[in-house]
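Scroll down for the structure; my scribbles are underneath it.
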Amino acid sequence: MITTRFAPSPTGYLHIGGLRTALYSYLWARKNEGKFLLRIEDTDLARNSQEATVAIEKAFEWTGLAHDGEVIYQSKRFDLYKKYIQQLLDEDKAYHCYMSREELDDLRATQKANKQRTKYDGKYRDFDSTPPEGISPVVRIKSPINRVITFTDGIKGEISVNSDDVLDDFIIARSDGTPTYNFVVAIDDALMRMSDVIRGDDHLSNTPKQIIVYEALGFEIPKFYHVPMILNSKGQKLSKRDGAMDVMGYKDEGILPVALLNFLIRLGWSNGDQEIFSKDEMLELFNPSNINKSASAYNYEKLIWLNSHYIKTLPYQELIEELKYFDVDISINEKKEILIDSLRERAKTIKEFAQSINTIIKAPVEYEAKGCKKWLKNEWKEILTNYVEYLKNSGDLDLPEEFEKITDDFMLKNEIKLRNLAQPLRIAMVGSPVSPSVFDVISIIGKDELIARVEKLITEK
RNA sequence: GGCCCAUUCGUCUAGUGGUUAGGACACCGCCCUCUCAAGGCGGGAACAGGAGUUCAAGUCUCCUAUGGGUCACCA
């Protein structure tokens, strides 16, 4: 049974790095018909916010990463953690430390001055006399002395460190009695029967600490996968300053969730030359053991390319739903398929898509000056007037092909080149010389509307 | 600074001792064309450096350099 989890601390929105590890965890659990759990790491009562948790769930919903069971809050499990703290105290695997913050600061300062690694010196490790007055103690765990700790990371391979280099007797309970991160993570992962912990690279150096906790409590150690960071385009760690971090920001940009997920899975993972992965393919092919070892840079261009790919291939109904987010509802438009097909190849985002739909279905309120200057010259008025007249006498016309045929006849009879008709027509229809095929646009807005827009242009220009 | 991790085109990557080092994004050129796109075809572009091991090294070993992570009563 594979069980994975996503365990964010609720300090802000869900960012794309988090979404990627969540995706990996989700895929690995689903692929193996296991469980994917969501746990909120809110042991620091002062820091967490309810809104952050809501934001994370919202992002999960948008991207379709469904977690199993209820959300688990560590802040609601303090009694449980206390029990284990007491157990370690009773077994002499942990102890009270009465060192004041000032004393600790001084210790660190001298160590730093001597160019030593800052670490707790173990002053109270074997203390059995009367503790100093007026200090509420913290609880520290007894770390092994001069022992090599080895574990196999599913991505990085075997990693071993000497306890003296990286560990000290770290605090597992603060002086107010609340437990600390590295302690509760190990307990929860064990109690929730986590088989595979897939998390960011930044936790790699926490792993030895957590292993100490697993061992002290006699828990089974899960398999770890530490996935490399996502860098910005300059090769530095992605930060809020780089923007485009909040997952929900992508929705506002008009990025499709499938595109985001596809982009994220390819950042640090691959399957030969394949670039496009449906959710089913992701489930079929993904395996955390072939995640790359090195960090990868965020590449917006590729995301956009993926997004336009999905815009080109998504079913009509899904696109119609996506467009509603941008206040464009074409569900009852009779020409919605033609409208979508004529624009989907040009749109890079849903937002852009919505904008171009509006330029077609709403009559232009102004005309682009440059386009007018270039194309509204010589006998453009005459051509358009004749064309409108010709259409009026051509009976019922509906589909683009029908308009194209009639227009061919018109051009032949009047010896007109298509571009000399099409460009003024575009300006009349959408206000600029850029649009999909004129026949598609004419068909979408209909003959009457076309005539109205042309007449308006002729009177105004 | 200690410890840990990483290093193939600008970017994402393929590559598991013998490859003309492959693909994708981006870029450039050509074609198509009613504009803009899309699409098709083509092009330039990489094994961080140095020592080894080997008949043979992008692939194995070591050193150096560079980048990253981490060293809290944060998570």
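Naming convention: chains lettered A, B, ... in sequence-line order (proteins, then strands); numbering from 1 in each chain. Values below: all heavy atoms of this structure, side chains included; hydrogens, waters and symmetry mates excluded.
A:Arg426 and A:Gln423 form a side-chain donor-acceptor contact under 3.5 Å, judged by distance and modelled atom types alone. With hydrogens and angles left out, the side-chain atoms of A:Asn262 and A:Tyr310 include a donor and acceptor closer than 3.5 Å.
The base of B:rU35 sits with one of its N or O atoms less than 3.5 Å from a complementary donor or acceptor on the side chain of A:Arg426. For B:rC3, the base has no donor-acceptor partner in the side chain of A:Ser205 [N/O atoms by modelled type, under 3.5 angstrom]. The base of B:rC36 is paired with the side chain of A:Arg346 by a donor and an acceptor separated by under 3.5 Å. Taking 3.5 Å as the limit, the base of B:rC71 and the side chain of A:Thr118 contain no donor-acceptor pair of atoms between them. Contact of A:Asp201 with B:rA6 (side chain to base): no donor-acceptor pair of N or O atoms is detected under 3.5 Å.
Distance check on atom C1': B:rG44 versus B:rA38 gives 24 Å, rounded to whole Å. B:rA65 and B:rG23 have their C1' atoms separated by 30 Å, given to the nearest Å. Between B:rC3 and B:rU20, the two C1' atoms lie 44 Å apart (nearest whole Å). With P as the reference atom, B:rC63 and B:rG2 are 15 Å apart, rounded to whole Å. Annotation: B:rG15 and B:rC73 have their C1' atoms spaced 49 Å apart (nearest Å). When the C1' atom is compared between B:rG58 and B:rC9, the two are found 13 Å apart, to the nearest whole Å. Comparing B:rU11 with B:rA45, their C1' atoms are spaced 12 Å from each other, to the whole Å. Between B:rC62 and B:rU7, the distance separating the two P atoms is 14 Å to the nearest Å.
Here the two rings, on A:Phe60 and A:Phe6, have centers that are under 6.0 Å apart. Annotation: A:Phe170 is not in aromatic contact with A:Tyr120 [ring centroid separation under 6.0 Å not met].
Base-pair partner of B:rC60: B:rG52 (Watson-Crick or G-U wobble, both distances under 3.5 Å). With both pairing distances under 3.5 Å, B:rC71 is matched to B:rG1 as a Watson-Crick or G-U wobble pair. Checking B:rC36 for Watson-Crick or G-U wobble geometry (two distances, each under 3.5 Å) identifies no partner in any strand. Judged by Watson-Crick or G-U wobble contacts below 3.5 Å, the nucleotide B:rG44 has no partner. In this structure, B:rA6 and B:rU66 make a Watson-Crick or G-U wobble pair, each of the two defining distances being under 3.5 angstrom.
Listed by chain and number, the residues in a side-chain hydrogen bond (donor to acceptor under 3.5 Å, both in side chains) with A:Asp188 are A:Gln74, A:Arg77, A:Tyr81 (sequence neighbours excluded). Remark: A:Ala190 engages A:Tyr214, A:Phe219 in a side chain to side chain contact (heavy atoms under 4.5 Å, CB included) (not counting sequence neighbours). Listed by chain and number, the residues in a ring pair (Phe, Tyr, Trp, His ring centres under 6.0 Å) with A:Phe263 are A:Tyr298 (sequence neighbours excluded). Take A:Lys351 and apply the side-chain hydrogen bond (donor to acceptor under 3.5 Å, both in side chains) test, not counting sequence neighbours, and it matches no residue. With sequence neighbours left out, A:Ser136 forms a side-chain hydrogen bond (donor to acceptor under 3.5 Å, both in side chains) with no residue at all. Shown here are the ring pair (Phe, Tyr, Trp, His ring centres under 6.0 Å) partners of A:Phe151, two or more places apart in sequence or in another chain: there are none. The side chain to side chain contact (heavy atoms under 4.5 Å, CB included) test applied to A:Lys456 returns A:Tyr367, A:Glu460, not counting sequence neighbours. Scored by the side-chain hydrogen bond (donor to acceptor under 3.5 Å, both in side chains) test, A:Lys381 finds no partners at all (sequence neighbours excluded).
For A:Lys312 and B:rG39, the shortest distance from a side-chain N or O to OP1 or OP2 is below 4.0 Å. Close to B:rC73, at under 4.0 Å from its OP1 or OP2, lies a side-chain N or O of A:Arg108. Regarding contacts with the backbone of B:rA75, a side-chain N or O of A:Arg174 is found under 4.0 angstrom from either OP1 or OP2. Put simply, A:Thr43 has a side-chain N or O that comes within less than 4.0 Å of OP1 or OP2 on B:rA75.
Which of B:rC73, B:rC34, B:rA75 sits closest to the side chain of A:Asp44 comes down to B:rA75. Nearest to the side chain of A:Leu204, among B:rU35, B:rU70, B:rC5, sits B:rC5. Distances from the side chain of A:Ile159 to the nucleotides B:rA75, B:rC34, B:rC4 place B:rC4 closest. Each of B:rG69, B:rC34, B:rC4 was ranked by its minimum atom distance to the side chain of A:Val161; first place goes to B:rC4.
Spacing between atom NZ of A:Lys209 and atom P of B:rA75 amounts to 11 Å, rounded to whole angstrom units. In this structure, A:Gln355 places its CD atom 17 Å from P of B:rA37, rounding to the nearest Å. Note: CZ (A:Phe6) to C1' (B:rA75) measures 12 Å, nearest angstrom. Here B:rU35 presents its C1' atom at 13 Å from NZ of A:Lys370, a figure rounded to the nearest Å. The CZ atom of A:Phe403 sits 16 Å away from the C1' atom of B:rC34 (whole-angstrom rounding). Rounded to a whole Å, the NE2 atom of A:His203 is 10 Å from the P atom of B:rC71. As rounded to whole Å, 15 Å separates atom C1' of B:rG69 from atom CD1 of A:Ile230. Between the P atom of B:rC4 and the CZ atom of A:Arg117 lies a distance of 12 Å, rounded to the nearest Å.
Across all strands shown, A:Asp168 has no heavy atoms under 4.0 Å from either base or sugar-phosphate atoms. Among the heavy atoms of the strands lying under 4.0 Å from A:Phe439 is at least one base atom, whether or not backbone atoms are also near. At the heavy-atom level, A:Ser435 lies under 4.0 Å from base atoms of the strands shown.
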Contact pattern, 5' to 3', of nucleotides 7-25 of chain B - B, S or - by protein heavy atom under 4.0 Å: S---BBSS-------BBBS
Base versus backbone protein contacts along nucleotides 40-49 of chain B [heavy-atom cut-off under 4.0 Å; B, S, -]: ----------
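Within the model, atoms NZ of A:Lys223 and CD1 of A:Ile198 stand 11.0 Å from one another, a figure rounded to the nearest 0.5 Å. Within the model, atoms OG of A:Ser443 and CG of A:Leu450 stand 11.0 Å from one another, a figure rounded to the nearest 0.5 Å.
The stretch residues 137-158 of chain A touches RNA chain B through A:Val138, A:Lys156, each having a heavy atom under 4.0 angstrom from the strand.
Across the interface with RNA chain B, nearest-nucleotide mapping of A:Tyr181 and A:Pro436 shows A:Pro436 to be the residue nearer the 5′ end.
For residues 403-447 of chain A, the pairs satisfying ring pair (Phe, Tyr, Trp, His ring centres under 6.0 Å) are A:Tyr387-A:Phe410, A:Tyr390-A:Phe410, with sequence neighbours left out.
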